[in-house]
> 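Could you have a look at this structure, given as structure tokens, before my questions?
These numbers were taken from a predicted model, which means no experiment stands behind them. Chain A is the first sequence line, chain B the second, and so forth, proteins listed ahead of strands; every chain is numbered from 1. Only heavy atoms go into these numbers, but all of them, side chains included; no hydrogens, no water, no symmetry mates.
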Amino acid sequence: MIKKSSLFEKILSVVAKIPKGKVTTYGGIGLFLGLKDARVVGWALHQNKDPIKCPCHRVVDKSGGLSKGYAFGGRNRQEELLASEGILFKKDGNVDLNKHLWLPDIRK
DNA sequence: TGGATGACCTACA
DNA sequence: CTGTAGGCCATCC
């Protein structure tokens, strides 16, 4: 049900569909939207100011690591939010993609 | 109109 | 493994 609008809305729609306890990657969203870059995804999330509709904390990088550090007010904050949803972290401080990786449904 | 910016990814040395 | 370079998309000034 992705409408034809700015990628901003598309990305937000995808992120909003992320089930609780799951995480997705920038590259995954970009690939889903047919983009060849993950920058747009990061850009959209950065421009996003509605964490209620867009759980940015559920979006991680390809390695399962969190963003640079100034996402929500600190990387620690994101970890806290993810942990609050039942997402486990590895000793590296990265999300366990093997258990929580989720990708958008292309059919829908 | 056009350069600069951005929460990234991949490839190569 | 770390560092550098390129890429491509949208928005802002």
> Does anything in residues 91-99 of chain A come within less than 4.0 Å of DNA chain B? Heavy atoms only, and list the residues if so.
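Those residues whose heavy atoms fall under 4.0 Å from DNA chain B, taken from residues 91-99 of chain A, amount to none.
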
> What is the distance, rounded to the nearest whole Å, between atom CG of A/Asp37 and atom P of B/dA11?
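Going from CG in A/Asp37 over to P in B/dA11 covers 13 Å.
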
> Within the distance-only criterion (no hydrogens, no angle test), does the side chain of A/Lys17 pair as donor or acceptor with the backbone N or O of A/Asp105 below 3.5 angstrom?
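Not at all, since once roles are kept as given, no pair shorter than 3.5 Å links the two residues.
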
> Measure from OH on A/Tyr26 to P on B/dT10 and round the result to the nearest Å.
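In whole Å, B/dT10 P lies 14 Å from A/Tyr26 OH.
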
> Quick check on DNA chain B: between A/Trp43 and A/Thr25, whose nearest nucleotide comes earlier from the 5' end?
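Upstream on the strand: A/Trp43.
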
> Determine whether a donor-acceptor pair (N or O, by modelled atom type, separation under 3.5 Å) exists between the side chain of A/Arg58 and the backbone of A/Leu82.
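No; zero donor-acceptor contacts below 3.5 Å.
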
> For the CZ atom of A/Phe32 and the CD1 atom of A/Ile11, what is their distance to the nearest 0.5 Å?
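Reported value, rounded in 0.5 Å steps: 11.0 Å.
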
> Do the side chain of A/Thr25 and the main chain of A/Val60 share a donor and acceptor less than 3.5 angstrom apart?
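No; zero donor-acceptor contacts below 3.5 Å.
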
> Are the side chain of A/Ser13 and the backbone of A/Glu9 linked by a donor-acceptor contact shorter than 3.5 Å?
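At least one qualifying donor-acceptor pair exists.
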
> Expressed in angstrom and rounded to an integer, what is the separation of A/Gln47 atom CD from B/dC8 atom P?
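Rounded to the whole Å, the gap is 14 Å.
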
> So which heavy atom on A/Ser63 is nearest to which on A/Leu97, and how close?
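Scanning both residues, the minimum pair turns out to be C-CD1, 3.8 Å.
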
> Name the first nucleotide and the last nucleotide along DNA chain C (5' to 3') that come under 4.0 Å of a heavy atom in chain A.
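On DNA chain C, the outermost contacted nucleotides are C/dG7 to C/dT11.
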
> List the residues meeting side chain to side chain contact (heavy atoms under 4.5 Å, CB included) with A/Leu35, not counting sequence neighbours, and say none if there are none.
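Applying side chain to side chain contact (heavy atoms under 4.5 Å, CB included) to A/Leu35 gives A/Leu7, A/Leu33, A/Val40.
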
> Between B/dC9 atom P and A/Arg39 atom CZ, what is the distance in whole Å?
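About 11 Å, once rounded to whole Å.
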
> A/Glu85 and A/His57: side-chain donor and acceptor closer than 3.5 Å?
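A pair is found: one side chain offers a donor N or O, the other an acceptor, under 3.5 Å apart.
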
